[in-house]
Chemist: 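Sharing a structure, written as structure tokens. Questions coming.
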Amino acid sequence: MIRNRQLVVTAALLGAAMTAAAQSADEQSPVNVHGTIRSKYEYQAEENEGRFEVRNARISIDGKLSPVISYKAEIDLCDEGKIKMLDAYTRLKPVRGLQFTMGQFRVPFTIDAHRSPHQQYFANRSFIAKQVGNVRDVGAALGYTLNAGFPIILEAGLFNGSGLTNQKDFWTNSVNFSAKAQFLLPRGFNITLSTQKIKPDNASVMMYDAGAYWHSHGWHLEAEYLYKYYADDAFHPVHAFDSFVSYDIPVKNERSLVRYVTPLLRYDYMSDHSDGMRYVDGKANTEGKLIVNDHQRSRLTGGLTLSLKRPFVSDIRLNYEKYFYRNDGVAKPSEKDKIVVEIMTRF
């Protein structure tokens, strides 16, 4: 039954996308159609094994019905082989600088976890973006942009805590919340502070994040730290850190297929992490307790990105990931030293 519903939603969204594209070809339409396809090959030298994978095949529709009303609907046809409805919301902007959003969307939290797949710098996400701070939920958020000599973007929201697939019969007396402040300083500097409360199971979890980056003259330098605290000592606090540097080198030959060459280097770290759910013998069970879902590790990633058009439109990402575990650390099948070749296209 769930599978049938997913297929119906997929067909409806694809149909709307084709209709919108046809309208846009003939007349001005309040509909924009976008998509992101990420395909990659990974090779793990130690195991002498490799795999091809379509990591994302996203299609989204967004637009403005008036200066006040806008909307977005996005579905991923292949999120690690699964169909997922991601964004589905309406946004109201009653006055300048103020916006109200209700529906399903990524909560306002962190820098790296809030990037869409086509905006990522590396083929694989940081630990903050993948395991620790990656949250999409159903709820409502208020945003306000003010100018204090430089723009300040404030966002805060309330959310179910049900995730994306458990909405119909989910009732709670304890909503989750998230708040984020971005300070867009002169000369390409950005400082972002955010906090979030979630309750995946019976224990509340608080997260605090601070990050900053500088983006100018082709350079991007970024660092971010996240602290995750579990109530009632259900699990020890988690620390996560991510930092990287990249530099866009334009190719001046107009006949060249490659427009930019971007060398980049990243270091990220995460201590033992729990997803906040109770388990017994590796299976979710309310009679159990929180366990280590992701063992402590750090990673050094180096690589090169070849941008065939503008960066984040059509990129070839070449990465090598080197993992470091403690002696008792257990590596997941996809969390080992590997070479990654990814092609990302945004349309």
Chemist: So, R346 and D315, do they make that salt bridge, N to O below 4.0 Å?
Modeler: no

Chemist: For the pair F244 and F122, evaluate ring-ring contact (aromatic ring centres under 6.0 Å, His included) and give the outcome as yes or no after the intermediate values.
Modeler: CA-CA 10 Å; F244 71 90; F122 295 83; 5.6 Å; yes

Chemist: Tell me whether R58 contacts the main-chain N or O of N56 through its side chain, where contact means a donor paired with an acceptor under 3.5 Å.
Modeler: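 Not at all, since once roles are kept as given, no pair shorter than 3.5 Å links the two residues.
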
Chemist: Is the centre of the F109 ring less than 6.0 Å from the centre of the H114 ring?
Modeler: no

Chemist: For the backbone of I37 and the side chain of R55, can you confirm whether one donor and one acceptor N or O come within less than 3.5 Å of each other?
Modeler: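 Absent.
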
Chemist: Answer yes or no: is there a side-chain heavy-atom contact under 4.5 Å between E321 and K336?
Modeler: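 The answer is no, as the side chains (C-beta and beyond) never meet within the 4.5 Å cut-off.
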
Chemist: Please confirm whether F159 and F105 have ring centers closer than 6.0 angstrom.
Modeler: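 That pair passes the under 6.0 Å test.
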
Chemist: Are H220 and Y121 close enough that their ring centres sit under 6.0 Å apart?
Modeler: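 Yes, ring centres under 6.0 Å apart.
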
Chemist: Verify salt bridge (charged side-chain N to carboxylate O under 4.0 Å, His left out) between R278 and E287, making sure each step is shown before the conclusion.
Modeler: CA-CA 7 Å; R278 289 172 288 178; E287 299 298 320; over 6 Å; no

Chemist: Please check if the side chain of D112 supplies one atom and the backbone of A129 the other of a donor-acceptor pair under 3.5 Å.
Modeler: no

Chemist: For Y269 together with F241, are the ring centres under 6.0 Å from each other?
Modeler: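 Not under 6.0 Å, so no.
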
Chemist: Does E42 use its side chain to pair, donor to acceptor, with the backbone of K338 at less than 3.5 Å?
Modeler: no

Chemist: For E222, is there an ion pair with R115 - N to carboxylate O distance below 4.0 angstrom?
Modeler: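 Yes, this pair counts.
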
Chemist: Salt-bridge test for R297 and E335: reply yes if a basic N is under 4.0 Å from a carboxylate O, no otherwise.
Modeler: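 Yes, R297 and E335 are salt-bridged.
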
Chemist: Take M344 and K40, measure what side-chain contact (heavy atoms from CB on, under 4.5 Å) needs, and give me the verdict at the end.
Modeler: CA-CA 9 Å; M344 185 284 299; K40 63 182 178 180; over 6 Å; no

Chemist: Charged N to carboxylate O below 4.0 Å: is that the case for D209 and K180?
Modeler: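 Answer for the salt bridge query: no.
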
